[in-house]
There are 2 protein chains.
Amino acid sequence: MNKTQITIKDIGRALNISPSTVSRALKNHPDISQQTKDSVNKYAKDFHYKPNTLALSLRMSKNNTIGVIVPELVHYFFSSILSGIEQVANQQNFNVIICQSSENYENEVRNTKALISTRVSGVLACLSKHTTNYDHFQEIIDSEIPLVFFDRICIGIHTDRVVVDDYSGAFSAVEYLIQTGCKRIAFYSSPIHLEISKNRKNGYLDALRKYNIPIDESLIYVCDTREEAIIITPEILDRPDRPDGFFAINDHCASGIMYAVKLAKLRIPQDISIFGFSDGELAKACDPMLSTVEQHGFEMGKNAATLLLAKINGENQGQFTNKIVKTNLIIRGTTR
Amino acid sequence: MNKTQITIKDIGRALNISPSTVSRALKNHPDISQQTKDSVNKYAKDFHYKPNTLALSLRMSKNNTIGVIVPELVHYFFSSILSGIEQVANQQNFNVIICQSSENYENEVRNTKALISTRVSGVLACLSKHTTNYDHFQEIIDSEIPLVFFDRICIGIHTDRVVVDDYSGAFSAVEYLIQTGCKRIAFYSSPIHLEISKNRKNGYLDALRKYNIPIDESLIYVCDTREEAIIITPEILDRPDRPDGFFAINDHCASGIMYAVKLAKLRIPQDISIFGFSDGELAKACDPMLSTVEQHGFEMGKNAATLLLAKINGENQGQFTNKIVKTNLIIRGTTR
DNA sequence: ATACTTCCCGCAAACGATTGCATAACTTTT
DNA sequence: AAAAGTTATGCAATCGTTTGCGGGAAGTAT
């Protein structure tokens, strides 16, 4: 910290008045004479007085900061969520401090402790891929810090939640694939203990059921990165009963599938249709451009932050909302 | 903030000792008896005592927080920088609070004021595209808050800086295009008042000069998004003297060029070579995959944060480093 | 018995801001 | 002229933590 920032005491000393008078003058308290107010304001302006938010937070027992725990900053979906959070937080004069778990449980625990220690006013969190124990989040609740989960939520803990409509996004995407002629559709999923995986899988299964397409468990894979997709897809394409459609848990993964399909000299979408999930930066860069489920990360971030700030402001005490952000299909070139 | 977090006073009251003793016991001060230490530590652990960082910062006049001002979170390059920053900050027990300028000057000013008010220990900043006045950054300096610029730096102000080796990245890319047979190379640039634009343009020009290729100012465009590229490229391809190579200021832009080129039924790279800059998420998703200049955002973030933390710790007083992060070419399919 | 250590611990001030209460100097009322 | 009211300001406590200094109790040496 620095010494050049002047304080209320400095102003008082310079003007020969007490700190309390300065404080009241600055906030236009009726008790203070106009003359005093004027001189205080002038001095404050001339010397760039800025209130020390630390002292304010301490005194007021109210820290205008919220913490966000996110698995990986570098993914478009997460950074767009963060962008939404940042926007509504700033509108209400809140700072946001970010923590990355890097999809690692220990980091996530460390992050929660740090946020509690910082006395943030609230926490927004998205579970790491490998989190299966939730005690650290319970500790946030026990500390009476409002908490809302987004995207990868936690069922065990009673909080506000914001999720994408994974089920119907998946359902519609798979339905679209079926309606455009796909008979055997593979599903590449994230680890199945995650709610998003479960929900999307259910959407996938229900769409198949609706159209009386037999469910083949051997068409469901755990694979959620481009690299993995490039590795596992070739042998799947080699199967005598190879799929004619792929539904991927995210765009990266879809892009990996595209790569493998082209390598196998199969045509997209004539031979193989591919559906992604996210509508991130890569979707339009693919050739053909990727059909995908738009999941509105920015909206999700705004919703999550709004919910959290309401709780922080003491609204909706005791009730927990479960906000579902709609998805919609974006049909481009990887589907018929 | 919440009331459930216990304080040092609470521990003292419960154990019938003074807060000072508790404080000393917690930090293993030699003056305190082992017995007292034990009971304090036990109580602290049992009731999840966590020091109040606000009070600590206030008392110590030292806020373990750094602020980052970034134009747009959602771009891969920036989020990877932030990711690097976050990593080294966390290693040294610093929090990072993020601010987006959204490429807007007023937001940037607002952000700097907020960070000063928060008494952050230091600031990392990347100029918005439209910033041409730097008074708000001077105010940070005047407040004796360490400041380091990254990527889009500011020449007028005396600070540490971390930049990508724009000049030689551009030079090498253009040289590569020339060496693989391109005779007329177009350059799509960001607004030219930005240092990165100037430097890359110089690299571009020098490469042409080196190979005695005449410089044609009509081949230099201000265009740095995919959308713009899609709009302006078709007519450029229609020119009788159309270019046979494109050097784009970023991958998005390159992806837009690719789109337009394919639309014009020209072949990549046989008819037209394309070089991007960044190596973001889309580069590999393109077909053919994009040849691009890797600019190591993560490294840049780590470097910037390291430099800043050194200054915060009082090292390298009075001297300003100018760190240049090397770039390297990644040759993929959009070049011969 | 006196003096000197050593060992533990508490007091109080400080960081910057807010706020209930007291108080000084005037002004108005009776 | 005394009582009451007004106006403008200061005092002091508070938020949670740290730390210089002082001091009591017990032990040791003279």
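All chains are named by letter (A, B, ...) in the order of the sequence lines, taking the proteins before the strands, and each is independently numbered beginning at 1.
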Would you kindly give the [atom1]-to-[atom2] distance between [X] and [N], to the nearest whole Å?
X     : N      : atom1 : atom2 : result
A/K50 : C/dG16 : NZ    : C1'   : 16 Å
B/M60 : C/dA14 : CE    : C1'   : 10 Å
A/N63 : D/dG16 : CG    : P     : 13 Å
A/I8  : C/dT19 : CD1   : P     : 11 Å
B/I6  : D/dG16 : CD1   : C1'   : 12 Å
A/L58 : D/dG16 : CG    : P     : 7 Å
B/K27 : D/dG16 : NZ    : P     : 17 Å
A/I11 : C/dA17 : CD1   : P     : 8 Å

Problem set entry | Nearest-neighbour nucleotide for the B/K9 side chain, C/dC15, D/dC15, C/dA17 considered | D/dC15
For this session: With the side chain of A/S23 defined as its heavy atoms from C-beta on, choose the nearest nucleotide among D/dT17, C/dG16, C/dT19.
Result: C/dT19
Exercise. Quick check: are there more than 12 heavy atoms from other residues, nucleotides or ligands sitting under 6.0 Å from NE2 of B/H29?
Worked result: yes
Problem set entry | Neighbour count above 12 (heavy atom, 6.0 Å) for A/K323 NZ | no
Problem set entry | Shortest non-hydrogen contact between B/Q5 and B/H48, atoms and distance | OE1-O, 3.7 Å
Distances under 3.5 Å only, N/O to N/O: pair up the protein atoms with those of nucleotides 8-11 of chain C.
{"residue": "C/dC9", "atom": "OP1", "partner": "B/T36", "partner atom": "OG1", "Å": "2.7"}
{"residue": "C/dC9", "atom": "OP2", "partner": "B/S33", "partner atom": "N", "Å": "3.0"}
{"residue": "C/dC9", "atom": "OP2", "partner": "B/S33", "partner atom": "OG", "Å": "3.2"}
{"residue": "C/dC9", "atom": "OP2", "partner": "B/T36", "partner atom": "OG1", "Å": "3.0"}
{"residue": "C/dC9", "atom": "N4", "partner": "B/D31", "partner atom": "OD2", "Å": "3.1"}
{"residue": "C/dG10", "atom": "OP1", "partner": "B/S18", "partner atom": "N", "Å": "3.4"}
{"residue": "C/dG10", "atom": "OP2", "partner": "B/S18", "partner atom": "N", "Å": "3.0"}
{"residue": "C/dG10", "atom": "OP2", "partner": "B/S18", "partner atom": "OG", "Å": "3.0"}
{"residue": "C/dG10", "atom": "OP2", "partner": "B/T21", "partner atom": "OG1", "Å": "2.2"}
{"residue": "C/dG10", "atom": "O6", "partner": "B/R24", "partner atom": "NH1", "Å": "3.1"}
{"residue": "C/dG10", "atom": "O6", "partner": "B/R24", "partner atom": "NH2", "Å": "3.3"}
{"residue": "C/dC11", "atom": "N4", "partner": "B/S20", "partner atom": "OG", "Å": "3.0"}

Exercise. Taking only residues two or more places apart in sequence, or in another chain, which ones meet A/S80 in a side-chain hydrogen bond (donor to acceptor under 3.5 Å, both in side chains)?
Worked result: none
For this session: Please check if the distance between the ring centroids of A/Y105 and A/H136 is under 6.0 Å.
Result: yes
For this session: Can you run down the salt bridge (Lys or Arg N to Asp or Glu O under 4.0 Å) pairs that involve residues 11-32 of chain B, sequence neighbours left out, and say none if there aren't any?
Result: B/D10-B/R13
